[in-house]
K.L.:
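One structure coming up, written as structure tokens, with questions to follow.
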Amino acid sequence: MAVQTVASSTSGSTVDLGPAAALSCRECGHRVPLGPVFACDKCFGPLEIAYDFSAYDTEELRKKIEAGPANIWRYAPLLPVPADVADKPNLNPGWTKLVKADNLAGELGVTGGLYVKDDSGNPTHSFKDRVVAQALEAARAFGFTTLSCSSTGNLAGAVGAAAARAGFRSCVFIPHDLEQGKVVMAAIYGGDLVGIEGNYDDVNRFCSELIGDPAGEGWGFVNVNLRPYYAEGSKTLAYEVCEQLGWRLPDQIVVPIASGSQLTKVDKGLQELIKLGLVEDKPYKIFGAQAEGCSPVSTAFKAGHDVVRPQKPNTIAKSLAIGNPADGPYVLDIARRTGGAVEDVTDEQVVDAIKLLARTEGIFAETAGGVTVGVTRKLIESGALDPTKTTVVLNTGDGLKTLDAVAGTGLTATIRPTLDSFREAGLV
Ligand SMILES: Cc1ncc(COP(=O)(O)O)c(C=O)c1O
Ligand SMILES: [Zn+2]
């Protein structure tokens, strides 16, 4: 398997990011050398990683993956990371459980096999550890020593933890009014955490300004100037789902949407597995999930529009509260191309779905997971999602970080420590 060493555009030094060959514009295809850049200098389109996988033999690659570590680095030959990535200080996320959710399937009437990919099992309890692990390797390659991000909560925690482990400074930015669980999780690792008076879109705008200012010089913003590398981490969700299904594509997969990056990279990951011959080439459908109070992509999908009109978010699903999603138009393309859909649910349905998943499968999801399960239920009821097909639902975060959403869930009874008192409580 060939590993390429490529010259970075900015530093002039040589960086080793494994099979990553260049950055390529998603709009016009223009290629530039690997570097901490995210927009095409010809058309301002988003840049993504272009690989050279041409030397790979399918069966050799499959064996190498299967013999790899029980984390995302088993897929290192398909990621923009050096071959010795597993030896570097990183949180080593991934290889989370794919839970066969038979009880939930029974409640929802799914007969074709229903699975929950439970990414709350990552080091900081959300899928964001996957993307940060990639960005960290890029930051190392480009010589950054401070990690930063704009975050709806989970990313801030993932950056703080990864920076602590790797010996980087971190300074991350969040809307000032996030859930306590997310704030503590982001602060506990000892980096700087800055609350901004505004919503996520204001935070993101601020970070874009900071990048161009001397104050942000030398900083690696994982989801801004390192975005092409960061985004590749979401492919590992698709790889794991297929490998855990016995190297099979699911028929249908339901993915939550904030910026839309995760959904687009789940599709890219599935496409790569098909091209590499690691899974059979057959159709699959990708469905996107949003909360009604922040549903710019589902609104555009339902209206048949190609353009996503920004919204002002107002939902308990704060991790998905991005009113102006960068990858929105690409999500629309993917949902339409694969025959999927984008749907949204109310906050009340989010809470019901969190409880449904907990009650049926013993998985306590954060509000984003409630959005995804709630949308799955709605899509089954509307007939958009076929209950006779193999379906995978992503739970991307942990319910312990969004306890307020299920406030009121608590003691069944309070009793004196006597059997009489227990009997009086009416539980037997
Ligand atoms: C728990 C959780 N799920 C899903 C997402 C969606 O991520 P993306 O911005 O890639 O659409 C986020 C983003 O913050 C998140 O925190
Ligand atoms: Zn371009």
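Whatever order the structure lists ligands and atoms in, that order sets their numbers, starting from 1. Starting from 1, each residue takes its place in the sequence as its number.
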K.L.:
Is a donor on one side and an acceptor on the other found under 3.5 Å between the side chain of Thr315 and the backbone of Gly293?
P.N.:
no
K.L.:
Can the ring centroids of Phe38 and Phe221 be said to lie less than 6.0 angstrom from one another?
P.N.:
no
K.L.:
Apply side-chain hydrogen bond (donor to acceptor under 3.5 Å, both in side chains) to Glu272 and list each qualifying residue two or more places apart in sequence or on a separate chain.
P.N.:
Lys235, Tyr239
K.L.:
Side chains of Tyr229 and Leu17: closer than 4.5 Å at any heavy-atom pair?
P.N.:
yes
K.L.:
Side chains of Lys312 and Asn199: is there a donor and an acceptor less than 3.5 Å apart?
P.N.:
no
K.L.:
If we ignore angles and hydrogens, is there a donor and acceptor under 3.5 Å between the side chains of Ser319 and Glu366?
P.N.:
yes
K.L.:
At a cut-off of 2.8 Å, what protein N/O/S atoms sit near the Zn ion (ligand 2)?
P.N.:
Cys25 SG, Cys28 SG, Cys40 SG, Cys43 SG
K.L.:
I need the Ser151 OG to Tyr200 OH distance, nearest 0.5 Å.
P.N.:
7.5 Å
K.L.:
Name the residues with a heavy atom less than 4.0 Å from ligand 1?
P.N.:
Phe127, Lys128, Thr152, Asn154, Pro256, Ile257, Ala258, Ser259, Gly260, Ser261, Gln262, Ser319, Leu320, Glu366, Ala368, Thr396
K.L.:
Quick test of your reading: applying ring pair (Phe, Tyr, Trp, His ring centres under 6.0 Å), list the pairs with at least one residue in residues 166-192, sequence neighbours left out, ordered by first then second residue.
P.N.:
Phe173-Phe206
K.L.:
Indicate whether any N or O donor in one side chain lies under 3.5 Å from an N or O acceptor in the other, for Glu243 and Trp95.
P.N.:
no
